[in-house]
Amino acid sequence: QVQLQESGPGLVKPSQTLSLTCTVSGGSITTNYYYWSWIRQPPGKGLEWMGAIAYSGSTYYSPSLKSRTSISRDNAKSTTYLQMNSLKPEDTAVYYCNAYHYGLGLIEWGQGTQVTVSS
């Protein structure tokens, strides 16, 4: 069974770059038809899909975040990475990664990691 675990710095200053890691266990991130997404939820607001990296390595981004976001992966470590630059206080949120299979649907979520943007 696939399991996901996010990790990150917790507190980031405005204008800095956020780097988060999603470590996948119980499966390979290159397994056909899997998509590995990053999603966030600001306090008191709904979920926002940020982007994804596919089993093929192709990447997809939310148009509203594309200019500040980059998703990459390390196949050998079964890990995906989220980088977001020029952080603002409104980027404060719980950040999640999840696994989606094209034929099976949503597979699993990570527990999420809190990121606070504050000076």
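Just so it is clear, the structure is predicted and the values come from calculations on it, not from any experiment.
Ile107 CD1 to Asn98 CG: the interatomic distance, rounded to the nearest 0.5 Å, is 10.0 Å. With rounding to the nearest 0.5 Å, the separation of SG in Cys22 from CH2 in Trp109 is 11.0 Å. Here the CD1 atom belonging to Ile53 is positioned 12.5 Å from the SG atom belonging to Cys97, to the nearest 0.5 angstrom. In this structure, the separation between OH on Tyr35 and OG on Ser58 is 7.5 Å, given to the nearest 0.5 Å. One finds the CE atom of Met50 at 10.5 Å from the OH atom of Tyr61 (value rounded to the nearest 0.5 Å). Interatomic distance, OG of Ser86 versus CD of Gln16, reported as 11.0 Å (0.5 Å rounding).
Ser64 approaches Glu48 most closely through the heavy-atom pair OG-OE2, 3.8 Å. Counting all heavy atoms, side chain and backbone alike, Ser28 lies closest to Ser78 at CA-OG, 4.0 Å.
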Residue pair His101, Thr31: steps toward the side-chain contact (heavy atoms from CB on, under 4.5 Å) verdict:
CA-CA 9 Å; His101 186 276; Thr31 300; 5.9 Å; no
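Under a hydrophobic clustering in which Ile, Leu, Val, Met, Phe, Trp and Tyr are joined whenever their side-chain heavy atoms come within less than 4.5 Å, directly or via other members, Val2 and Leu104 fall into the same cluster. One hydrophobic cluster, built from ILVMFWY side chains closer than 4.5 Å, cannot hold both Tyr96 and Tyr81; they sit in different ones. Connection of Leu47 to Val115 is not established within any shared hydrophobic cluster, with ILVMFWY side chains joined at heavy-atom distances below 4.5 Å, either directly or through further cluster members. One hydrophobic cluster holds both Ile39 and Leu106 under the rule that ILVMFWY side chains link at heavy-atom gaps under 4.5 Å. Tracing side-chain contacts under 4.5 Å through hydrophobic residues (I, L, V, M, F, W, Y), one never reaches Leu11 starting from Leu87; they form parts of separate clusters.
At least one side-chain heavy atom of Pro9 sits under 4.5 Å from a side-chain heavy atom of Leu20. Residues Met84 and Tyr95 meet the side-chain proximity criterion, which asks for heavy atoms closer than 4.5 Å.
A donor-acceptor pair is defined here as one N or O able to donate and one able to accept, closer than 3.5 Å; such a pair exists between the side chain of Thr69 and the backbone of Leu65. Between the side chain of Thr92 and the main chain of Val117, a donor-acceptor pair closer than 3.5 Å is present. A donor-acceptor pair under 3.5 Å links the side-chain atoms of Trp36 to the main chain of Ile29, judged by distance alone. The main-chain N or O of Gly112 is found under 3.5 Å from a side-chain atom of Glu6 such that the two form a donor-acceptor pair. Remark: the backbone N or O of Thr116 is not paired with any side-chain donor or acceptor of Ser118 at under 3.5 angstrom.
Applying the 6.0 Å contact sphere to OH of Tyr102 captures no more than 12 heavy atoms from other residues, nucleotides or ligands. At most 12 non-hydrogen atoms from other residues, nucleotides or ligands lie less than 6.0 angstrom from CD of Gln1. Surrounding CD of Gln41 are more than 12 heavy atoms belonging to other residues, nucleotides or ligands, all under 6.0 Å away.
Ring to ring, Tyr100 and Tyr34 are not that close: their centroids are 6.0 angstrom or more apart.
For the side-chain hydrogen bond (donor to acceptor under 3.5 Å, both in side chains) test with Gln83, the passing option among Ser72, Ser19, Ser70 is Ser19; the others fail.
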